[in-house]
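Down below is the structure, laid out as C-alpha coordinates.
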Amino acid sequence: DVQLQASGGGLVQAGGSLRLSCTASGFIFDHYSIGWFRQAPGKEREGVSCFDNGVSSSYYSDSVKGRFTISSDNAKNTVYLQMNSLQPEDAAIYYCAAIKTPLGLEFSWPEDRLYDYWGQGTQVTVSS
(Lines give C-alpha, C1' and ligand atoms only; values in the text may rest on other atoms or scores of the structure.)
Protein backbone atom coordinates (compact mmCIF):
# COMPACT_ATOMS: atom_id res chain seq x y z
CA ASP A 1 0.00 0.00 0.00
CA VAL A 2 1.09 3.54 -0.73
CA GLN A 3 1.59 5.65 2.37
CA LEU A 4 2.76 9.18 2.99
CA GLN A 5 3.32 9.93 6.65
CA ALA A 6 3.60 13.61 7.55
CA SER A 7 4.89 14.55 10.97
CA GLY A 8 6.62 17.31 12.88
CA GLY A 9 3.83 19.83 13.32
CA GLY A 10 3.14 21.54 16.59
CA LEU A 11 2.74 24.82 18.43
CA VAL A 12 5.46 27.44 18.06
CA GLN A 13 5.78 31.12 18.84
CA ALA A 14 6.06 33.64 16.05
CA GLY A 15 9.63 33.74 14.84
CA GLY A 16 10.22 30.13 15.78
CA SER A 17 11.02 27.07 13.69
CA LEU A 18 9.64 23.64 12.95
CA ARG A 19 10.80 20.81 10.73
CA LEU A 20 8.20 18.71 9.00
CA SER A 21 8.93 15.25 7.67
CA CYS A 22 7.18 13.25 4.99
CA THR A 23 8.08 9.58 4.81
CA ALA A 24 6.88 7.57 1.84
CA SER A 25 6.38 3.88 1.22
CA GLY A 26 4.73 1.68 -1.38
CA PHE A 27 6.17 3.29 -4.50
CA ILE A 28 9.54 3.94 -6.10
CA PHE A 29 10.54 7.11 -4.31
CA ASP A 30 13.14 8.19 -6.86
CA HIS A 31 10.45 8.32 -9.57
CA TYR A 32 8.30 10.74 -7.63
CA SER A 33 8.58 14.30 -6.42
CA ILE A 34 7.14 15.46 -3.12
CA GLY A 35 5.19 18.62 -2.58
CA TRP A 36 4.07 20.32 0.59
CA PHE A 37 0.71 22.03 0.72
CA ARG A 38 -1.15 23.80 3.48
CA GLN A 39 -4.72 24.67 4.22
CA ALA A 40 -5.86 27.17 6.82
CA PRO A 41 -9.48 27.34 8.01
CA GLY A 42 -11.69 29.00 5.43
CA LYS A 43 -8.94 29.12 2.83
CA GLU A 44 -8.08 27.09 -0.21
CA ARG A 45 -5.23 24.63 -0.13
CA GLU A 46 -2.05 26.22 -1.43
CA GLY A 47 1.26 24.87 -2.59
CA VAL A 48 4.15 25.72 -0.28
CA SER A 49 7.15 23.90 -1.71
CA CYS A 50 8.18 20.96 -3.83
CA PHE A 51 11.30 18.85 -4.18
CA ASP A 52 11.73 17.77 -7.77
CA ASN A 53 13.46 14.39 -7.67
CA GLY A 54 13.92 14.47 -11.41
CA VAL A 55 16.41 17.31 -11.38
CA SER A 56 17.06 17.64 -7.63
CA SER A 57 15.58 21.12 -7.57
CA SER A 58 13.47 22.91 -5.02
CA TYR A 59 10.52 25.19 -5.63
CA TYR A 60 8.81 27.59 -3.24
CA SER A 61 5.81 29.81 -3.10
CA ASP A 62 6.55 33.50 -2.78
CA SER A 63 5.05 33.55 0.69
CA VAL A 64 7.68 31.18 2.12
CA LYS A 65 10.70 31.80 -0.08
CA GLY A 66 13.72 32.62 2.04
CA ARG A 67 12.16 31.19 5.21
CA PHE A 68 11.41 27.57 4.31
CA THR A 69 13.84 24.99 2.96
CA ILE A 70 12.88 21.66 1.45
CA SER A 71 15.27 18.74 1.24
CA SER A 72 15.18 15.07 0.42
CA ASP A 73 16.89 12.01 1.84
CA ASN A 74 16.21 9.41 -0.81
CA ALA A 75 17.90 6.69 1.25
CA LYS A 76 15.19 7.22 3.87
CA ASN A 77 12.36 7.94 1.41
CA THR A 78 11.81 11.15 3.33
CA VAL A 79 11.40 14.79 2.42
CA TYR A 80 11.86 17.51 5.02
CA LEU A 81 10.46 21.00 5.20
CA GLN A 82 12.48 23.25 7.48
CA MET A 83 10.32 26.22 8.43
CA ASN A 84 12.02 29.22 9.99
CA SER A 85 10.73 32.64 11.02
CA LEU A 86 7.23 31.27 11.32
CA GLN A 87 4.40 33.77 11.39
CA PRO A 88 0.75 33.44 12.42
CA GLU A 89 -0.22 33.40 8.75
CA ASP A 90 1.77 30.17 8.34
CA ALA A 91 -0.61 28.35 10.68
CA ALA A 92 -2.44 25.60 8.81
CA ILE A 93 -2.66 21.88 8.30
CA TYR A 94 0.33 20.89 6.23
CA TYR A 95 0.04 18.02 3.79
CA CYS A 96 2.65 16.24 1.74
CA ALA A 97 1.83 14.73 -1.60
CA ALA A 98 3.63 12.70 -4.25
CA ILE A 99 3.59 13.21 -7.99
CA LYS A 100 5.23 10.97 -10.56
CA THR A 101 7.74 13.49 -11.74
CA PRO A 102 6.56 15.05 -14.99
CA LEU A 103 8.43 17.36 -17.32
CA GLY A 104 7.92 20.97 -16.43
CA LEU A 105 7.25 20.35 -12.75
CA GLU A 106 8.93 23.67 -11.98
CA PHE A 107 5.83 25.34 -13.45
CA SER A 108 3.08 22.93 -12.41
CA TRP A 109 4.08 21.91 -8.90
CA PRO A 110 1.53 24.11 -7.06
CA GLU A 111 -1.42 22.42 -8.79
CA ASP A 112 -2.69 20.02 -6.17
CA ARG A 113 -4.98 18.16 -8.60
CA LEU A 114 -1.90 16.74 -10.35
CA TYR A 115 -0.63 14.81 -7.33
CA ASP A 116 -1.12 11.08 -7.10
CA TYR A 117 -0.88 10.37 -3.39
CA TRP A 118 -1.54 12.39 -0.25
CA GLY A 119 -0.55 12.13 3.38
CA GLN A 120 -2.86 12.76 6.32
CA GLY A 121 -1.62 16.21 7.30
CA THR A 122 0.10 17.67 10.32
CA GLN A 123 -1.10 20.74 12.22
CA VAL A 124 1.11 23.80 12.54
CA THR A 125 0.02 26.46 15.01
CA VAL A 126 1.86 29.76 15.41
CA SER A 127 1.14 31.99 18.36
CA SER A 128 1.71 35.73 18.12
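Numbering starts at 1 and runs along the sequence shown. Everything numeric here is computed off the predicted structure, so don't read it as measured data.
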Not counting sequence neighbours, list each pair that qualifies as a salt bridge (charged side-chain N to carboxylate O under 4.0 Å, His left out) and has a residue in residues 10-24. none
Grab the two heavy atoms, one from G47 and one from F37, that are nearest each other, plus how far apart they are. CA-CD2, 3.4 Å
I'd like to check the disulfide (SG to SG under 2.5 Å) partners of C22; sequence neighbours left out, ordered by chain and number. C96
My understanding is that only residues two or more places apart in sequence, or in another chain, count here; which of them pass side-chain contact (heavy atoms from CB on, under 4.5 Å) with Q3? S25
Could you walk me through whether W109 and Y115 satisfy the side chain to side chain contact (heavy atoms under 4.5 Å, CB included) test, starting with their C-alpha distance in whole Å, then the side-chain angles of each, then the deciding distance to 0.1 Å, before giving a yes or no? CA-CA 9 Å; W109 72 267; Y115 286 72; 3.7 Å; yes
Just by distance, with hydrogens left out, do T78 and T23 show a side-chain donor and acceptor under 3.5 Å apart? yes
Ignoring hydrogens, what is the shortest heavy-atom contact between Q120 and Q5? Give both atom names and the distance. NE2-NE2, 3.2 Å
Remaining members of hydrophobic cluster (4.5 Å side-chain criterion), W36: V2, L4, V12, L18, L20, F27, F29, Y32, I34, V48, F51, Y60, V64, F68, I70, V79, L81, M83, L86, Y94, Y117, V124, V126
Can you sort out the partners of S17 under side-chain contact (heavy atoms from CB on, under 4.5 Å), two or more places apart, ordered by chain and number? Q82, N84
Quick one: which of N74, N53, N77 gives a side-chain hydrogen bond (donor to acceptor under 3.5 Å, both in side chains) with D30? N74
I93 and G121 have their tightest heavy-atom pair at CG2-CA, 3.9 Å
Check D90 against S85 and note the closest heavy-atom contact, atom names and distance. OD2-O, 4.2 Å
Can you check whether R38 reaches S63 side chain to side chain, under 4.5 Å on heavy atoms? yes
Distance-only side-chain donor-acceptor flag, D73 / Y80, under 3.5 Å: no
Those residues that, when tested against Q123, pass side chain to side chain donor-acceptor pair (under 3.5 Å) (two or more places apart): none
Strictly by modelled atom types, are T122 and S7 linked by a side-chain donor-acceptor pair under 3.5 Å? no
